[in-house]
Novice: 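Please see the structure below; I have some questions.
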Amino acid sequence: MGSRDSEMEGQENILQEIFDNFLRGSTVFKRREALRHDYVPDSLPHREDHIRHLAEILAPALRGSLCSNVLIYGKTGTGKTAVTRFVSKKLAERAEVLGSSLKICFVNCRIAGTQYRVLSALCSEIGLRVPFTGLAVGEVFDRFKQALDSRQVLLIAVLDEIDTIVRNRGDALLYELTRANANLQNGKLSILGISNDLRFKELLDPRVMSTLSEEELVFGPYNADELQNILEARARIAFEDNVLKQGAVKLCAALAAAEHGDARRALDLLRVAGELAERNGDKHVSEDHVRRAEKRIEHNRVAETIKTLPTHSKIVLLSVYLLNRSNINRSATGDIYNLYSELCAELGFGSLTQRRVSGLINELDVIGLLNSRVTSLGRYGRTKKTSLAVPHKIVRDGFLEDDRFRGMVDYTPRYLSSSL
DNA sequence: CGTCCACAGGAATGACGGGCGG
DNA sequence: CCGCCCGTCATTCCTGTGGACG
């Protein structure tokens, strides 16, 4: 560790630079928050049709009538949440002017986590206080309906990422919510569900499904040109004038378009590119910054996933990584399993069965760390061929950030030397 | 053209831990 | 507070299968 001193000195300099830059004020950003995905801009390019459609569906609420339940589908970064927030904001403003008793409650089901917390969020929106815990869900629900009725509220419940509570907890809450209107005299309840999962329908009881999706909106992905327009509009708000090079925006749009047309990803790329430029003291944000931003985001994502992976999944991933390092880039399950067993012994863990490891490989495939697909080698059997889904180096760096597995990235497998 | 490899992946079952209702 | 129930993880046992080889 002879380099420790110069390392410290380097860090010292870096810190000074960060502080200096910060005190000088940002030279790159005007309003960085315009690039965050929870920012609701004044206009949403290429979503005019959806905005109009949704507004038409919800408009009856202004006259105090019940409006149709709506289900909104679309992959991440297609503007579902933004359009909903935009329309509901305008709607609420108008209701305010009219003195209507319309309330709109926005709940993210994934963040809320449980049915109870979703329900308690709805309660607090209509001014009903419920305990954090301790009450049965049914009891809270009764109080909720009672309050809706006695206060004569028309509530639009926006349930974002609605598929997550159904997946984890079943559709009991949704079933109750969709039937609530039947027992209400004065209050009214409409539900607006937002789902990332296009197969969400299949998880639902058909009765719930039919009431929930009186109206349906499907958000398709953006193409590169649309993404570019979106980015340009946001960039004008977020960046100082003449900081952003023309090619940078274009590249962000192209990269995100190649990956499901995800606007969230495009905005992240642009923001991180800006941050890199700023940190570097550069006057302009260039294509090069965008490329580095792409690597940075991928690196963070992988490192973060590896860190939170269960131990045995880590060992499976490590096995594929080590095989890859030995120039075996598409490994058979049997080979992975043998190396996995060796690593378990080496690290002092008991090893799982091959059946289970096969399952873990599939899970890692779903998360996007591995690619695996079944192939037949005829006489020589039938297996899954598995490879890393992300660049070797990024996986390596990910393991280097993991305390327990840091030491294993350069491990030489015994299993290989015996079989090759 | 049948065989047979090397697994895939479904079903049933068990161990465990955490939350919920009474 | 306790017992029960439910979800998760893992094992065991099993049937299914694409295609190179003989």
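Sequence lines set the chain letters: A, B, ... in the order given, protein chains first and strands last, and positions in each chain run from 1. Just so it is clear, the structure is predicted and the values come from calculations on it, not from any experiment.
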Novice: Given atom OH of A/Tyr380 and atom P of C/dA20, what is their separation to the nearest angstrom?
Specialist: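 Result: 11 Å.
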
Novice: Please name the pair of heavy atoms, one in A/Asn69 and one in A/Thr211, separated by the smallest distance, quoted to 0.1 Å.
Specialist: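 Result for this residue pair: ND2-O, 3.1 Å.
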
Novice: Do A/Arg382 and C/dT17 share a donor-acceptor pair, side chain to base, under 3.5 Å?
Specialist: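 Checked by distance alone, the answer is yes.
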
Novice: Closest approach to the side chain of A/Ser376, judged atom by atom: which nucleotide of C/dG19, C/dT17, B/dG9 is it?
Specialist: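 The nucleotide sitting nearest to the side chain is C/dG19.
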
Novice: Can the positive tip of A/Arg234 be found less than 6.0 Å from the middle of the six-membered ring of A/Tyr39, inside 45° of the ring normal?
Specialist: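 Judged by the rule, A/Arg234 and A/Tyr39 form no cation-pi pair.
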
Novice: Expressed as a whole number of angstroms, how long is the span from A/Leu352:CG to B/dG9:C1'?
Specialist: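 From A/Leu352 CG to B/dG9 C1': 17 Å.
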
Novice: State yes or no: are the ring centers of A/His392 and A/Tyr321 separated by less than 6.0 Å?
Specialist: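 Yes, close enough.
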
Novice: Under 6.0 Å between the ring centres of A/Phe29 and A/Phe239?
Specialist: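 Between A/Phe29 and A/Phe239, the centre distance is under 6.0 Å.
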
Novice: Given B/dC7, C/dA10, B/dG10, identify the nucleotide with an atom nearest to the side chain of A/Thr383.
Specialist: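 From the listed options, B/dC7 comes nearest.
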
Novice: Take the protein atom CG of A/Leu377 and the nucleotide atom P of B/dA8, then report the distance between them rounded to whole Å.
Specialist: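 Rounding to the nearest Å, CG of A/Leu377 and P of B/dA8 are 12 Å apart.
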
Novice: Roughly how many Å is it from CD in A/Gln354 to C1' in B/dC5, rounded to a whole number?
Specialist: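 So the CD-C1' distance, A/Gln354 to B/dC5, works out to 13 Å.
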
Novice: One thing to verify: whether A/Lys89 and A/Asp42 come together as a salt bridge, which I'm taking to mean a side-chain N less than 4.0 angstrom from a carboxylate O.
Specialist: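 Looking at A/Asp42 and A/Lys89, the cut-off is not met.
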
Novice: Using whole Å, what does the distance between atom C1' of nucleotide B/dG9 and atom CD of A/Glu363 come to?
Specialist: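 Distance, rounded to whole Å: 13 Å.
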
Novice: Side-chain N or O of A/Lys384 less than 4.0 angstrom from OP1 or OP2 on B/dG9?
Specialist: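 Yes, within the criterion.
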
Novice: Between C/dA10 atom P and A/Tyr340 atom OH, what is the distance in whole Å?
Specialist: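 Interatomic distance, OH of A/Tyr340 to P of C/dA10: 8 Å.
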
Novice: When the distance from CZ of A/Arg355 to P of B/dG14 is rounded to whole Å, what number comes out?
Specialist: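 The distance from CZ of A/Arg355 to P of B/dG14 comes to 18 Å, rounded to the nearest Å.
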
Novice: What integer distance in Å separates A/Leu360:CG from B/dA8:C1'?
Specialist: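 Taking CG of A/Leu360 and C1' of B/dA8, I get 15 Å after rounding.
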
Novice: Decide yes or no, distance alone: a donor-acceptor N/O pair under 3.5 angstrom between the base of C/dG22 and the side-chain of A/Arg379.
Specialist: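 When only heavy-atom distances are counted, A/Arg379 does not reach the base of C/dG22 through any donor-acceptor pair under 3.5 Å.
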
Novice: Is the shortest side-chain N/O distance from A/Thr353 to OP1 or OP2 of C/dT11 below 4.0 Å?
Specialist: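 A/Thr353 to C/dT11 OP1/OP2: side-chain N or O found under 4.0 Å.
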
